[in-house]
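Worksheet for the structure shown next.
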Amino acid sequence: MTQDYAPKSEFLNVLMARGFVHQCSDFAGLDEKALAGSLAAYIGFDCTAASLHVGSLLPIMMLAWLQRCGGRPLPLMGGGTTRVGDPSGKDESRKLLTIEQIDANKASIRRVFERFLTFGDGATDARMLDNADWLAGLNYIEFLRDVGRHFSVNRMLTMDSVKLRLEREHELSFIEFNYMCLQAYDFVEINRRYGAQLQMGGSDQWGNIVTGLDLGRRMGTPQLYALTSPLLTTASGAKMGKTAAGAVWLNADMLTPYDYWQYWRNSEDADVARFLRLFTFLPLEEIARLAALQGAEINEAKKTLATEATALIHGREAAEQAAETARATFEEGALALSLPKIALEAEEIVAGLGVLSAFVKAGLVASTGEARRQVKGGGLRVNDLVVTDERALLGEKDFEADGVVKLSLGKKKHVLLTRA
């Protein structure tokens, strides 16, 4: 168990103290490697969308701490494995993307890592890898003979990613069944090419990672290590990174810095200290001080969490602007023009836009049905007036005051409609 091991290296000390560690294949062995310096580790990120979401933030932070503690982080883009699709945690096959879509997603995702890691050619500088470099050119017959012979189908059938799909009688394609072979082979290749001794990931990847350790042993690589982090849920049991409006994306063109700030500001009281440890670089002493705040004062800790987490992704200036926008909007009741904006075409304004459709267009609700339910509960407001007529139209008259229309869902979510 993690709590029974007292690490000597700064790297494991930090990760364990801040709550990053769930399982490790060999605490003492990994600790010794980290203590000796020059520990190289990688984490894989498949390119299934144009942005990673908050669920990927924890492994990114692990790579950042590795570099801060003198190790070398190797973020791995799944340019090859994304062509196959990871079956982990899914009841149906992932949609197969074209190579062009994968390349576009890969280019978009890379930008996030530059916020957290220093890239270069130095001993502790990060290097961005792509498993398409070695997977795309594999000869199938040679791969089966040289690598595939080391895998036991009996053992593969016991992996959660396979077993759960079969138990639920959901189809598992042959291409997905091969995913764990490719991920295991990644570990061997990255060790050979870049000297990585450690693979990290979420606890749902434990089976795949230790399969890589076993493959490395069978193929004659030096000792490899596995380290996983807990799969995070909020205090109420909700999955991290999901909201009623959709995923909490890390790229600003998919989620504004203001909305990102609000996501962290709306954290449950019981989650604040844990999130400060995991998703900021604040010292543990400062986090302990913030965690001790009680009653209404806990809101100050939430604002600190929101600003620090947003600064890591979007920069300090954008984070402080988001904090100021929230203060002006909620504490002063002002119409903060730096709220997220959605532009309407002139013909939409002239013809009139249905109020339910407007809230969907603004991304505040997922459907007109959800908007209708919110109306019945008094949860929607236009220019701070409660919406009571679900058939109302927004038109020129609504833009007269400030040239914008303010849509609000509850007290904390606001979007401005503007003229294109």
Which heavy atom of [X] sits nearest a heavy atom of [Y], and at what distance?
| X | Y | result |
| --- | --- | --- |
| H22 | S203 | CD2-CB, 3.4 Å |
| T233 | R274 | O-NH2, 2.8 Å |
| D31 | A6 | OD2-O, 4.5 Å |
| M61 | L312 | SD-CD1, 4.1 Å |
| R277 | F20 | O-CE1, 4.1 Å |
| A50 | N251 | O-ND2, 3.3 Å |

Notebook entry, point to check: Are V415 and D259 close enough, and set up right, to give a side chain to side chain contact (heavy atoms under 4.5 Å, CB included), and what steps lead you there?
Noted result: CA-CA 10 Å; V415 171; D259 285 331; 5.5 Å; no
Note to self: Between N131 and Y42, does the side chain to side chain donor-acceptor pair (under 3.5 Å) criterion hold? Intermediate values first, please.
What the structure shows: CA-CA 12 Å; N131 60 18; Y42 82 97; over 6 Å; no
Below 4.5 Å, heavy atoms only, C-beta onward: do [X] and [Y] meet side chain to side chain?
| X | Y | answer |
| --- | --- | --- |
| T280 | T304 | no |
| T211 | Q183 | no |
| L66 | L15 | no |
| L57 | F279 | yes |
| M77 | F113 | yes |
| V147 | V188 | no |
| N299 | R265 | yes |
| L416 | I342 | no |

Checklist line | Verdict with supporting geometry, R327 and E324, salt bridge (charged side-chain N to carboxylate O under 4.0 Å, His left out) | finding: CA-CA 5 Å; R327 188 193 66 78; E324 174 56 25; 2.7 Å; yes
Does any N or O in the side chain of [X] come within less than 3.5 Å of the main-chain N or O of [Y], such that one atom is a donor and the other an acceptor?
| X | Y | answer |
| --- | --- | --- |
| R217 | L213 | no |
| T325 | Q321 | yes |
| Q67 | T118 | yes |
| N208 | M180 | no |
| T368 | L356 | no |
| Q197 | A40 | yes |

Check: Is the number of heavy atoms from other residues, nucleotides or ligands under 6.0 Å of K106 NZ greater than 12?
Finding: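 Check passes, neighbour count above 12.
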Check: More than 12 foreign heavy atoms under 6.0 Å from CD of E286: is that the case here?
Finding: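 Yes - once you tally the heavy atoms of other residues, nucleotides and ligands closer than 6.0 Å, there are more than 12.
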Would you mind checking if [Y] and [X] are paired as a salt bridge, meaning a charged N to carboxylate O distance below 4.0 Å?
| X | Y | result |
| --- | --- | --- |
| K303 | E300 | yes |
| D121 | R127 | no |
| R373 | E370 | no |

Next item on the list: Compute the ring centroids of Y260 and W249, then answer whether they are less than 6.0 Å apart.
Entry: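 Distance test on ring centres: not under 6.0 Å, no.
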Next item on the list: Show your working on side chain to side chain contact (heavy atoms under 4.5 Å, CB included) between I60 and L52 and close with a plain yes or no.
Entry: CA-CA 10 Å; I60 294 174; L52 299 174; 4.0 Å; yes
Roughly how far, to the nearest 0.5 Å, is [atom2] of [Y] from [atom1] of [X]?
| X | Y | atom1 | atom2 | value |
| --- | --- | --- | --- | --- |
| Q199 | I209 | CD | CD1 | 4.0 Å |
| F11 | L198 | CZ | CG | 6.0 Å |
| F281 | I287 | CZ | CD1 | 11.0 Å |
| L380 | R372 | CG | CZ | 11.5 Å |
| D130 | T81 | CG | OG1 | 8.5 Å |
| E32 | Y225 | CD | OH | 7.0 Å |

Next item on the list: Just say parallel, tilted or perpendicular for the rings of Y194 and W134, cut-offs at 30° and 60°.
Entry: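 Tilted.
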Next item on the list: Walk me through it: do L135 and D186 pass the test side chain to side chain contact (heavy atoms under 4.5 Å, CB included)?
Entry: CA-CA 8 Å; L135 296 181; D186 279 346; 3.7 Å; yes
Next item on the list: Start with the C-alpha distance between N105 and T48, add both sets of side-chain angles, then the distance that settles side chain to side chain contact (heavy atoms under 4.5 Å, CB included), and finish with yes or no.
Entry: CA-CA 7 Å; N105 290 344; T48 52; 5.7 Å; no
